[in-house]
Amino acid sequence: MTGQTIDPTARLAHIARFEPEIRAFTACDPAHIEADLRTAPSGPLSGRLVGVKDIIDTADYPTGYGSDIYAGHRATGDAACVALLRAAGATMAGKTVTTEFAFFRPGPTTNPFDPARTPGGSSSGSAAAVAMGMVDIGIASQTAASLTRPASYCGVVGFKPTYGRYALSGVKALAPSVDALGTITPDVATAIAADAVLAGPVPAASTIVPRAPARIGICRTPWWHEAEDGTRMAMAEAERIFGAHTTVEMVEMDEFAAAADLHITIMSFEAAQALAWEYQARRDACSQQIVGLIEAGRAITRATYEHAQNEAAALRTRAAALFTRYDMLVAPAAPGEAPLRTQGTGSPIFSRLWTLLYLPTVTLPGLVGPSGLPVGIQCLGPHGGDKTLLGHALWAECLLPSRPLPSSLKS
């Protein structure tokens with residue numbers, strides 16, 4: 001599929017067939033979906049089914065934020081992103097599994113390529129549902145690597161736009177200075193169609209076309225020593241493929257080495273603020289992961305936090321200078337193939353930098369690691385250069401191998 005609408009009935013059949021194994025949804029009602037499909041307005045996303053990450057409010061389904069505290073919780077209305085998608089003709093297929101408060105405690109979702117492996121976090125349900133063809137668009141979010149990593153592990157496209165491009169009204173906050181909304185889709189064309197709506201406020205159709213970058217910078221980042229064989233293979237192959245069609249150069253990133261620690265400081269401090277009630281009133285119902293994050297944030301002084309924000313702003317200025325030479329950067333999306341579920345949801349190390357820098361990123365599938373599992377690459381553009389980056393991503397997608405499919409979809 002390349003930006004083409006699939007019969008919604010086929011999507012419902014996929015949900016019925018694969019949901020018992022994949023467990024991508026926290027709530028999904030086929031009868032409700034069918035009724036919504038009949039009454040949805042005509043628009044650029046007519047017929048598209050959307051999975052909504054369960055930190056995002058919906059009027060017709062509970063929103064539990066991945067937490068026992070909010071079991072059965074219902075919002076009074078839709079989040080802004082959901083309202084915009086509905087106005088464009090899309091139908092909500094239900095709520096997709098997230099980690100607790102979009103942090104680290106995993107939900108029940110399995111990886112479509114291997115049920116013993118993680119689909120990533122925290123946008124696990126959205127990524128798995130798209131990979132299995134159960135939805136056309138998965139609404140996701142990223143505070144560290146919560147969109148990019150699941151897209152890489154599940155072999156689908158992940159688009160995290162420039163910070164602030166999509167409205168966060170109705171989305172549970174974790175760290176507002178770095179929280180960003182985005183999409184997970186089967187291809188770049190669908191991400192473009194969704195972007196034209198979510199960048200709103202009036203639903204629109206997009207006219208973005210493939211656009212070759214004149215010069216690509218290959219960014220292994222200061223954490224290349226954490227790259228496993230799968231990511232090393234994927235980056236080398238991407239460099240070879242793109243280098244046959246345009247100029248490709250290695251980019252030194254040592255001056256950005258402080259970014260990971262800055263991101264952790266900012267995220268921890270703001271999470272302690274955002275989840276103050278949950279910590280004070282319902283700490284017994286919080287996981288050790290989220291309690292640890294909050295307590296780390298409570299130990300950070302306001303002065304340390306403000307210093308980290310100032311240092312982050314300086315790094316954003318340095319990042320802008322990169323794009324005076326390069327049209328697009330290419331970087332690892334994750335350390336490697338999806339780890340076993342018993343090992344957690346995977347390390348966010350290869351996305352903390354880009355999330356802190358507020359840059360738009362498109363994770364592209366097509367490459368695999370030594371076990372034959374998906375390994376994505378990130379394509380990055382300058383702050384505010386979302387449309388141009390999406391055009392470059394269309395170009396890159398055409399050159400990369402077709403995205404891998406789970407074996408159950410091949411039979």
Side-chain angles (χ1 to χ4, degrees), residues 18-28 51-56 62-71 94-132 134-135 138-156 158 171-172 174-175 179 182 184 228 264 267-268 271 275 278 282 285-294 296 333-352 355 363 373-374 376 406:
F18 295 117
E19 174 58 12
E21 172 190 354
I22 300 299
R23 302 177 73 184
F25 290 93
T26 63
C28 177
V52 182
K53 184 175 179 176
D54 197 32
I55 61 164
I56 300 170
T63 304
Y65 313 124
S67 167
D68 297 339
I69 296 171
Y70 291 96
K95 304 303 283 293
T96 54
V97 171
T98 180
T99 56
E100 178 194 30
F101 300 123
F103 192 52
F104 277 137
R105 188 184 73 175
T109 306
T110 61
N111 188 298
F113 290 84
D114 181 349
R117 298 186 183 251
T118 180
S122 60
S123 304
S124 51
S126 291
V130 170
M132 290 304 298
M134 293 192 282
V135 299
I139 300 301
S141 69
Q142 180 152 304
T143 304
S146 299
L147 185 159
T148 299
R149 192 168 72 253
S152 180
Y153 290 163
C154 293
V156 287
V171 180
K172 179 70 170 175
L174 181 63
D179 289 343
I184 294 176
E228 300 165 9
I264 291 170
M267 181 181 70
S268 302
L275 300 176
E278 288 84 356
R282 298 298 309 276
C286 294
S287 71
Q288 284 304 306
Q289 293 102 316
I290 208 73
V291 170
L293 173 68
I294 294 169
E337 296 171 297
L340 295 172
R341 287 169 55 83
T342 54
Q343 297 173 337
T345 60
S347 169
I349 190 61
F350 285 113
S351 288
R352 288 191 188 276
T355 302
T363 302
L373 297 172

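Just so it is clear, the model here is predicted, and its values are computed rather than measured.
- When all heavy atoms are compared, the tightest approach of Lys95 to Pro62 is NZ-O, 3.2 Å.
- Interatomic distance, CD1 of Ile290 versus CD of Glu278, reported as 9.0 Å (0.5 Å rounding).
- At least one donor-acceptor pair under 3.5 Å links the side chain of Arg149 to the backbone N or O of Thr345.
- Under the side chain to side chain contact (heavy atoms under 4.5 Å, CB included) criterion, Thr98 pairs with Lys53, Asp54, Ile55, Ala102, Ser122, not counting sequence neighbours.
- Contact check for Arg352 versus Ile264: side-chain heavy atoms found under the 4.5 Å cut-off.
- In terms of the side chain to side chain contact (heavy atoms under 4.5 Å, CB included) criterion, residue partners of Thr143 (sequence neighbours excluded) are, by chain and number, Leu174, Ala175, Val178, Asp179, Met267.
- A donor-acceptor distance shorter than 3.5 angstrom exists from the side chain of Arg105 to the backbone of Gly66, with no hydrogens or angles considered.
- Distance NZ/Lys172 to OG1/Thr63: 11.5 Å, rounded to 0.5 Å.
- The list of salt bridge (Lys or Arg N to Asp or Glu O under 4.0 Å) pairs with a residue in residues 109-123, not counting sequence neighbours, reads Asp114-Arg117.
- Evaluation of the salt bridge (Lys or Arg N to Asp or Glu O under 4.0 Å) test over residues 336-351, restricted to residues two or more places apart or in two chains, returns none.
- Of all non-hydrogen atoms in Ala333 and Thr363, the two that sit nearest each other are CB-CG2, 3.9 Å.
- With sequence neighbours excluded, the residues that form a side chain to side chain contact (heavy atoms under 4.5 Å, CB included) with Ala131 are Pro112, Cys154, Val156.
- Between Phe113 and Leu373, the closest heavy-atom pair is CB-CD2, 3.7 Å.
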Report the C-alpha separation of Gln142 and Ser123 in whole Å, then their side-chain angles, then the decisive distance to 0.1 Å, and conclude whether the side-chain contact (heavy atoms from CB on, under 4.5 Å) test is met. CA-CA 8 Å; Gln142 180 152 304; Ser123 304; over 6 Å; no
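- The CZ atom of Arg282 sits 7.5 Å away from the OG atom of Ser67 when rounded to the nearest 0.5 Å.
- Shortest non-hydrogen contact noted between Thr110 and Glu21 is OG1-O, 3.1 Å.
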Thr118/Ser124 under side-chain contact (heavy atoms from CB on, under 4.5 Å): CA gap, chis, key distance, verdict: CA-CA 8 Å; Thr118 180; Ser124 51; over 6 Å; no
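- We find the OH-CD distance between Tyr70 and Glu100 to be 11.0 Å, quoted to the nearest 0.5 Å.
- With rounding to the nearest 0.5 angstrom, the CG atom of Leu293 is 4.0 Å from the CZ atom of Phe103.
- Across Pro106 and Gln289, no two heavy atoms sit closer than the pair CD-NE2, 4.5 Å.
- Not a single side-chain hydrogen bond (donor to acceptor under 3.5 Å, both in side chains) links Glu228 to another residue, sequence neighbours left out.
- Side-chain contact check for Thr96 and Ser126: at least one donor-acceptor pair (N or O, by modelled atom type) lies under 3.5 Å.
- Minimum heavy-atom separation, Tyr153 to Ala334: CE2-CB, 3.7 Å.
- Taking OG1 of Thr109 as the start and CD1 of Ile22 as the end, the distance is 8.5 Å to the nearest 0.5 Å.
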